[in-house]
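Atoms within a ligand are numbered from 1 in the order they appear, just like the ligands themselves. Please read all numbers here as calculations on a predicted model, not as lab measurements. Counting from 1, the numbers follow the sequence of the chain as shown.
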Amino acid sequence: MKPNHNPSIANSVSVAVAKPLLLLLSLFTTVYLLITPGPTLLTSSLSPYHSLFLSLSSNSSASSHLRHLTRLPHLSSSDADSLAASYVLSSFPFPSHSTSYSVLLSFPLHRSLSLLSPSSPPFHFSLTQVPSPSDPSSSVFSLTVPTFHAYARTASVTAPLTYAYYGRVEDFQLLLSLGINVTGTVVLARYGMIYRGDIVKNAQDAGATGVLVYSDYEDYAKGEAFPAGPYLPETGVQVGSTFRAIGDPVTPGWSCRAEEEECERVDKEEVVRQGSMPAIPSLPVSGKDGEELHKAIGGQAAPDDWQGREEAPLYRLGPGPGVINLTYIGNETLRTIQNVFAVIEGREEPDRYVLLGNHRDAWTFGAVDPNSGTAALLELSERLYKLQKKGWKPRRTIILCNWDAEEYGLIGSTEWVEENREMLTSRAVAYLNVDSAVYGPGFYVSATPQIDPLLIEASKMVRDPDNSSQTLYDSWISSGSSPPIGRLGGGGSDFAAFVQHIGVPSIDMSFGEGYPVYHSIYDDYLWMEKFGDPMFHRHVAAASIWGLVALRLADDEILPFDYISYASELKSSAKVIQEEAAGCPISFSSLYKSIEDLKRAAVKIGKEKQALERKFLGLSLRKDQSKLRELNDRLMMAERAFTDRDGLSGREWYKHLIYGPSQNNDYGSKSYPGIDDAIDAAKKSNTTEAWRFVQHEIYRAARAVKQASLVLNGGLT
Ligand SMILES: *[C@@H]1O[C@H](CO)[C@@H](O)[C@H](O)[C@H]1NC(C)=O
Ligand SMILES: *[C@@H]1O[C@H](CO)[C@@H](O)[C@H](O)[C@H]1NC(C)=O
Ligand SMILES: *[C@@H]1O[C@H](CO)[C@@H](O)[C@H](O)[C@H]1NC(C)=O
Ligand SMILES: *[C@@H]1O[C@H](CO)[C@@H](O)[C@H](O)[C@H]1NC(C)=O
Ligand SMILES: *[C@@H]1O[C@H](CO)[C@@H](O)[C@H](O)[C@H]1NC(C)=O
Ligand SMILES: *[C@@H]1O[C@H](CO)[C@@H](O)[C@H](O)[C@H]1NC(C)=O
């Protein structure tokens, strides 16, 4: 899963600039991986093992793993996916095992699309991506799944076309205001602004009977097409899921292991009724087909910003006169998926877990999404193995996770979190996610805020893979004075269950953001080698910062969590949401007060940490381990306090009251989703009751923040 925005990228430019720098980089090898900490940079310097970890990086190992993993397309639960699972299982140099679940996946049985015209015979779209013969992957292209939307409704519809831009709620509102009612039509929408499942849902809510989502040239093909350039070829299609919840659709909140004989499952039609699975058919189509479909739409011209590239025909809104026959037959069926794990047991605190995760299943070859992350994970595991050979053993247990069926709806990770909910709740220190390690240049990270300071410190220890004369930190802040750190309210990848269901401190990171061949057959090894990461230095840098953050969390005696940054983040996002509700009959004072309490508690525990560190200084023996443990538990558990048993109103699976997806776009990262949804609803209805409900949601968030400060304080009232 992952990319949220249209990747009208400057990628090719950056790649061109990067090449000579990468060559330069090759002249030195390990020297600058260990940089001297600047005077203002560090509160703690690296331990010898952590320095060693950075110096052991191997771009050839990363590239060789990626080559293996991307030989065949490996859709979740396919034979090739099992082969890839075995490869990961045997490549982990630590005790490893796999855990299988039986879940509902979706496959295309029949797709057809034809344009009907009263004057001429129907035009049938081929719905086929054409590979370049010069691309080695083209020899096995026929093994890729036909282009489809997973969980799309099986149906055949024949109706006139309308055009709805990016298919956002506001796009349908604008259409209505222009007098266009999409009821009974097939909507043509563009990829690139919101999650495709929400495009289909918005169209469905507006009355459409079917949806076609295409990749406009303007968004995905701004330059030379692959393999000459990095952009999406004209027949390229973005495949993907349209499921709007997460986890196995028919075991919401629990899991079903493959070996279990009997499991409770809900009826699929119930999932459709709740709006998590589409009730109308849809198909993804190429840029070329999108343009063809536009030609069949008449009526008033679409607004200027809804238009395409210069050569494109004038986009009109419809409905009709073009009539489309969209026919889709899918097979929703129970399949076995396989998560793979490696465990490095902790020496002092084996029952505290630092988890690193990435998924393995791909829509096609998955060179970027997700196996650049898998390659980084395997390379990282080899470095840890070398540390172990030199005598290192982590203080806490490190668990490397390789998920399956992420593409269908974060299914592998979610089933595992649901199955292990109580154990993880009491033992998981942090979850560090890398979906795709490399989309292109630039370091991007999102985190729960207590990890911000650690991330910043770690980024000062790793070289920028695109400029040997600076650190990752330097390039990260180049756009401003402080590093931009996103938050984890969206549903883009496997961190979701960890953060939003059980409240585990988490991060999610990558090099680059979007890329034009996302979820198409062109996401293959050649694309990565030519455009994504020509010398695999970005892979290695991703593994370095991922591993370094993990090592600090696993080895530091006192967990490097800082809740002062959490409190200030809570305050600034409260201000944003308060502005949204300016002039409304509600008060945020309870929330601000609890945030002040949290800040005080964060300062207090910070002082306790320092006092303990001073006391332990030079004292390697006879430390009061139970005191340490008690302090660490407070730091670990404070994040759990933001979760609430009742969950978000109407979406009870989401327990976190600070970070959760917004209602209309699963990719958005909102804070205080409960308050936000309530304000949205109250603004529409403007009833006393609705505003009282907003106030209730504010109190509820305030109580959760208060719980977090009580946990940090570590005493009973
Ligand atoms: C690894 O990096 C070196 C330069 O540091 C480069 O010469 C080599 O080609 C890279 N290997 C791969 C597989 O890209
Ligand atoms: C759109 O058309 C349908 C059926 O023709 C009608 O039921 C519906 O009320 C219309 N919607 C709006 C907003 O006018
Ligand atoms: C639409 O296409 C399907 C599949 O090709 C076909 O079975 C069906 O008869 C067509 N419907 C119409 C109304 O043309
Ligand atoms: C649907 O998928 C299952 C396997 O999961 C397969 O056994 C079955 O034959 C498929 N149905 C059709 C109609 O192809
Ligand atoms: C590389 O980093 C140095 C030091 O920060 C900076 O001066 C230079 O402009 C950077 N080069 C590029 C191409 O970004
Ligand atoms: C909402 O209702 C109140 C009183 O019931 C009224 O004063 C106010 O103008 C309304 N606001 C909007 C935006 O309609």
*If you count the atoms of ligand 4 from 1 in the order shown, which ones are under 4.0 Å from a heavy atom of Arg335?*
4 (C), 5 (O)
*asked:* Nearest 0.5 angstrom please: Ser520 OG to Leu232 CG, how far?
replied: 5.5 Å
*Determine whether the aromatic ring centres of Phe443 and Trp476 lie less than 6.0 Å apart.*
yes
_My question is simple, although I want it checked carefully: is atom 2 (O) of ligand 4 less than 4.0 angstrom from any protein heavy atom?_
yes
_Distance from atom 11 (N) of ligand 4 to nearest protein heavy atom, with residue and atom_ = Asn331 ND2, 2.8 Å
*asked:* Measuring from atom OG1 of Thr147 to atom CG of Leu127, what distance do you get when rounded to the nearest 0.5 angstrom?
replied: 5.5 Å
*Are the aromatic ring centres of Tyr518 and Trp363 under 6.0 angstrom apart?*
no
*To which of Asn59, Val540, Asp533 does the heavy atom nearest atom 10 (C) of ligand 1 belong?*
Asn59
*When you measure from atom 13 (C) of ligand 4 to every protein heavy atom, which one gives the shortest distance, and what is it?*
Leu109 CD1, 3.7 Å
*Enter the distance from Leu66:CG to Thr374:OG1 here, rounded to the nearest 0.5 Å.*
8.0 Å
*asked:* Measuring from non-hydrogen atoms of Glu529 to any atom of ligand 1, is the shortest distance under 4.0 Å?
replied: no
*Which residue holds the protein heavy atom closest to atom 5 (O) of ligand 4, what is that atom called, and what is the gap in Å?*
Thr333 OG1, 2.8 Å
*Arg383 and side chain to side chain donor-acceptor pair (under 3.5 Å): which partner among Ser58, Ser544, Ser61?*
Ser544
*Relative to the heavy atoms of Phe536, which atoms of ligand 1 are at a distance of less than 4.0 Å?*
14 (O)
*Counting each atom of ligand 5 from 1 as listed, which ones have a heavy atom of Asn467 under 4.0 Å away?*
1 (C), 2 (O), 3 (C), 8 (C), 10 (C), 11 (N), 12 (C), 14 (O)
*Got a second to check how far Phe341's CZ is from Asn402's CG, nearest 0.5 Å?*
9.0 Å
*Please identify which atoms of ligand 1 are closer than 4.0 Å to at least one heavy atom of Ser63.*
13 (C)
*Hey, are the side chains of Tyr101 and Gln338 touching, using non-hydrogen atoms and a 4.5 Å cut-off?*
no
_Residue Ser469 vicinity, atoms of ligand 5 by number, heavy atom under 4.0 Å_ = 1 (C), 2 (O), 3 (C), 4 (C)
